[in-house]
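Heads up, the thing below is written out as structure tokens.
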Amino acid sequence: MKAVYIVDNARIAKVLVDPMRRAILDLLRQKPMTQAGLAKELGLSGACLNFHMKILRSNKLVTIAKREVEKHRIMQIFFSTVAYLFVYDLESLPKNIARYFYPISLERARAVVSLLMLKKDPYSDHLEKTLEEINTISKRLSFFLVSTAISYEKRVVNHADEQIIYEIYTKALNGLLKKDKP
């Protein structure tokens with residue numbers, strides 16, 4: 001699968017607004033799974049999962065990873081996500097769609113500020129930590145995450161390869177902190 005998929009298309013973003021579809025993609029980045037396995041893991045009926053999978057497949061967000069014939073000659077189809085990490089380009093998306101992904105960006109920024117405070121980073125002393133300041137950091141982190149992720153779009157990774165996420169986030173955070181240091 002690709003390391004990164006940058007969501008900068010409104011049609012794809014509308015598909016990913018649904019939290020259940022994002023949960024499906026999260027499970028499929030860990031390992032290929034059948035629809036029955038996904039339904040069981042998510043607590044969904046087969047029909048409900050099938051609805052979401054049709055949408056994900058028609059938008060080329062999931063693919064068939066493998067097919068296996070069981071001992072009873074039943075064909076099992078295992079699905080995989082097309083990318084390990086989905087990065088939302090909030091600047092490219094219409095505001096009415098981007099607002100659904102803004103909380104993700106805001107939580108990332110809060111995590112960064114909390115980590116800086118925990119590590120007693122000199123940079124954290126200069127942060128006001130107000131909602132306005134966190135919103136600014138959030139926007140800047142989103143920008144650096146997208147600009148960093150671009151260089152990973154063609155890279156191929158294996159399932160459950162968390163190292164790629166740490167690498168992308170580390171580079172994005174380095175860009176953010178270098179740009180904003182007093």
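Bear in mind the structure is a predicted one, so any value in this text is a computation, not a measurement. Positions are given from 1 along the sequence. The figures here come from the full heavy-atom set of this structure, side chains too, leaving out hydrogens, waters and symmetry mates.
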Side chains of [X] and [Y]: does their closest heavy-atom pair fall under 4.5 Å?
X: R67; Y: M75; answer: yes
X: L173; Y: L141; answer: yes
X: M1; Y: V82; answer: no
X: F79; Y: K66; answer: no
X: R22; Y: F101; answer: yes
X: L61; Y: F86; answer: yes
X: I164; Y: L85; answer: no
X: I24; Y: T81; answer: no

ILVMFWY network linking [X] to [Y], side-chain heavy atoms under 4.5 angstrom:
X: V87; Y: I165; answer: yes
X: L16; Y: M53; answer: yes
X: L38; Y: I64; answer: yes
X: Y100; Y: V146; answer: no
X: I150; Y: L93; answer: no

Exercise for review: Please lay out, stage by stage, how L44 and M20 fare under the test side chain to side chain contact (heavy atoms under 4.5 Å, CB included).
Suggested key: CA-CA 10 Å; L44 298 176; M20 188 55 68; 3.7 Å; yes

Of all the heavy-atom pairs spanning [X] and [Y], show the shortest one and how long it is.
X: S45; Y: A39; value: O-CB, 4.3 Å
X: N50; Y: Q35; value: OD1-NE2, 3.4 Å
X: A83; Y: R29; value: O-CB, 4.5 Å

Practice item. For the pair R155 and E153, find out whether any cationic side-chain nitrogen is under 4.0 Å from an anionic carboxylate oxygen. Key: no

Between [atom1] of [X] and [atom2] of [Y], what distance do you get to the nearest 0.5 Å?
X: M33; Y: L42; atom1: CE; atom2: CG; value: 7.5 Å
X: S142; Y: L176; atom1: OG; atom2: CG; value: 10.0 Å
X: D161; Y: Q30; atom1: CG; atom2: CD; value: 13.0 Å
X: I104; Y: L145; atom1: CD1; atom2: CG; value: 11.0 Å
X: L28; Y: S80; atom1: CG; atom2: OG; value: 6.5 Å
X: E167; Y: Y152; atom1: CD; atom2: OH; value: 3.5 Å

Return yes when atom [atom1] of [X] has more than 12 non-hydrogen atoms of other residues, nucleotides or ligands closer than 6.0 Å, and no otherwise.
X: Y102; atom1: OH; result: yes
X: E162; atom1: CD; result: yes
X: E41; atom1: CD; result: no

What pairs of donor and acceptor atoms, side-chain ones from residues 2-9 against any protein atom, are under 3.5 angstrom apart with sequence neighbours left out?
{"residue": "N9", "atom": "OD1", "partner": "R11", "partner atom": "N", "Å": "2.7"}
{"residue": "N9", "atom": "OD1", "partner": "I12", "partner atom": "N", "Å": "3.1"}

Practice item. Would you please say whether a donor-acceptor pair under 3.5 Å links the side chains of K171 and Y166? Key: no

Exercise for review: Answer with yes or no whether the side chains of E70 and Q76 bring together a donor and an acceptor at under 3.5 Å.
Suggested key: yes

Point to revise | Summary of salt bridge (charged side-chain N to carboxylate O under 4.0 Å, His left out) pairs that have at least one residue in residues 51-62, sequence neighbours excluded | key: none

